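Read through the structure below, which is laid out as structure tokens, and then see the notes.
These figures come from a predicted structure and were not determined experimentally.
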Amino acid sequence: MLNTPFKWTDQNIAVLQNMVKEGCSAAEVAARIGCSRNAAIGKARRIGSLFHSRPASSVPTPAKKRQPWTEERILKAAALWARNVTITSMASTMQVRVSTMAVVIDRYPQHFPKRVRPNSGNVSKIAAILRRSEREEKAVERAMRGYDSSVFAITDVGPVRFVDLTDKHCKFPISCDEGPQGADMPCCGAKRTHGSYCAHHAGIAYGPGTLSERNALNGIGGQQ
């Protein structure tokens, strides 16, 4: 049986006009009369009745406040980078856009060095990167807790602030309770030759070394 084509009658035109005046939508009118939404809109225009757009919310959407890239956030992102986490996953963890994460990685090459691909087959090299990253995190954490690592400073080598470090500097923290912390925390600053450190501090951080130097990894001065 063929469907009967829809026809506009005086009755359903009157229904359309009344519903438009009451602020009903075109979809609501179409459902009531039994026509398509476009047919209701077209007929309303032809008889001089217009569906009104519903007003947008007057409550403004608060702008999302950007979090500054402090040294703590950079170190957290650097730890993810050292574990070969993808940039997309890093961005999700740091709650930023992927493009923003990529800009940060390019801006701080000393914290985001070129890394080994997980599928390169060089498992031992990847494992070394992970171990080095963990040691660096612990060294910085101890320095920020206030342990005195200034006893490991190299004579005649001027320290460099954490925020001023480049990929050529040794990143071993040279801090004490009374010294500056955060972005101004002094680091060794000598020429980097072994991983992230100079030869002197690599011996302390990685071993082998003296008993006191190895104890420093578990707390400066042997403290646990």
Side-chain angles (χ1 to χ4, degrees), residues 1-121 123 126 129-130 133-134 136-137 140-141 144 162-163 165-167 181-183:
M1 181 177 179
L2 297 176
N3 293 329
T4 303
F6 177 81
K7 292 184 179 180
W8 286 101
T9 64
D10 292 340
Q11 182 180 359
N12 54 33
I13 291 174
V15 172
L16 181 147
Q17 289 176 317
N18 290 333
M19 292 185 72
V20 170
K21 290 179 182 179
E22 293 173 0
C24 296
S25 67
E28 292 170 333
V29 172
R32 173 75 177 275
I33 296 176
C35 65
S36 68
R37 179 177 176 275
N38 288 338
I41 294 174
K43 188 63 175 178
R45 288 176 178 172
R46 288 193 295 274
I47 64 176
S49 297
L50 297 176
F51 291 101
H52 298 286
S53 300
R54 298 190 175 181
S57 175
S58 59
V59 180
T61 302
K64 189 174 181 180
K65 187 177 180 181
R66 292 185 178 181
Q67 294 183 350
W69 281 96
T70 61
E71 69 280 358
E72 183 178 354
R73 290 190 76 203
I74 294 173
L75 286 175
K76 181 178 179 180
L80 296 173
W81 177 262
R83 293 183 175 88
N84 280 312
V85 176
T86 64
I87 296 180
T88 301
S89 297
M90 288 174 63
S92 177
T93 302
M94 303 305 297
Q95 297 182 344
V96 297
R97 295 180 179 178
V98 175
S99 58
T100 301
M101 194 72 256
V103 169
V104 172
I105 291 172
D106 290 339
R107 185 177 298 171
Y108 302 98
Q110 68 273 27
H111 297 295
F112 302 96
K114 186 176 180 181
R115 60 187 182 182
V116 179
R117 291 183 179 181
N119 60 355
S120 66
V123 178
I126 295 174
I129 291 175
L130 297 180
S133 173
E134 291 174 356
E136 290 174 4
E137 284 185 67
V140 173
E141 180 184 355
M144 307 227 10
F162 175 85
V163 72
L165 288 173
T166 70
D167 57 353
Q181 302 296 326

Non-hydrogen side-chain atoms of [X] and [Y] separated by less than 4.5 Å:
| X | Y | answer |
| --- | --- | --- |
| Lys43 | Arg46 | yes |
| Ile74 | Phe162 | no |
| Val104 | Val96 | no |

So which atom in [X] and which in [Y] form the shortest heavy-atom distance, rounded to 0.1 Å?
| X | Y | answer |
| --- | --- | --- |
| Pro113 | Gln110 | CD-O, 4.4 Å |
| Ala40 | Ala26 | CB-O, 4.1 Å |
| Ala77 | Trp69 | CB-CZ3, 4.3 Å |

Return each pair, listed once, that meets ring pair (Phe, Tyr, Trp, His ring centres under 6.0 Å) where at least one residue sits in residues 15-35; pairs must be two or more places apart or across chains.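 Non-adjacent pairs meeting ring pair (Phe, Tyr, Trp, His ring centres under 6.0 Å): zero.
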
Under 3.5 Å, is there a donor-acceptor pair between the side chain of Arg32 and the main chain of Met19?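 Checking the backbone N and O of Met19 against the side chain of Arg32, no donor-acceptor pair under 3.5 Å is found.
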
Are the side chain of Arg73 and the backbone of Pro68 linked by a donor-acceptor contact shorter than 3.5 Å?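 Pair found, side chain donor or acceptor close to backbone of Pro68.
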
According to side-chain hydrogen bond (donor to acceptor under 3.5 Å, both in side chains), who are the partners of Thr166, at least two apart in sequence or on a separate chain?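 side-chain hydrogen bond (donor to acceptor under 3.5 Å, both in side chains) list for Thr166, sorted by chain: His169.
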
By the side-chain hydrogen bond (donor to acceptor under 3.5 Å, both in side chains) test, which pairs, at least two apart or in different chains, include something from residues 7-19?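 Output for this query lists Thr9-Asn12.
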
Counting only pairs under 3.5 Å, give me each side-chain donor-acceptor contact of residues 86-94, with atom names and distances, residues two or more places apart or in other chains.
| unit_1 | atom_1 | unit_2 | atom_2 | d |
| --- | --- | --- | --- | --- |
| Thr86 | OG1 | Ser89 | N | 3.2 |
| Thr86 | OG1 | Ser89 | OG | 3.0 |
| Thr93 | OG1 | Ser89 | O | 3.0 |

Value rounded to 0.5 Å, distance of CZ in Phe112 from CE in Met101: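 These two atoms lie 4.5 Å from each other.
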
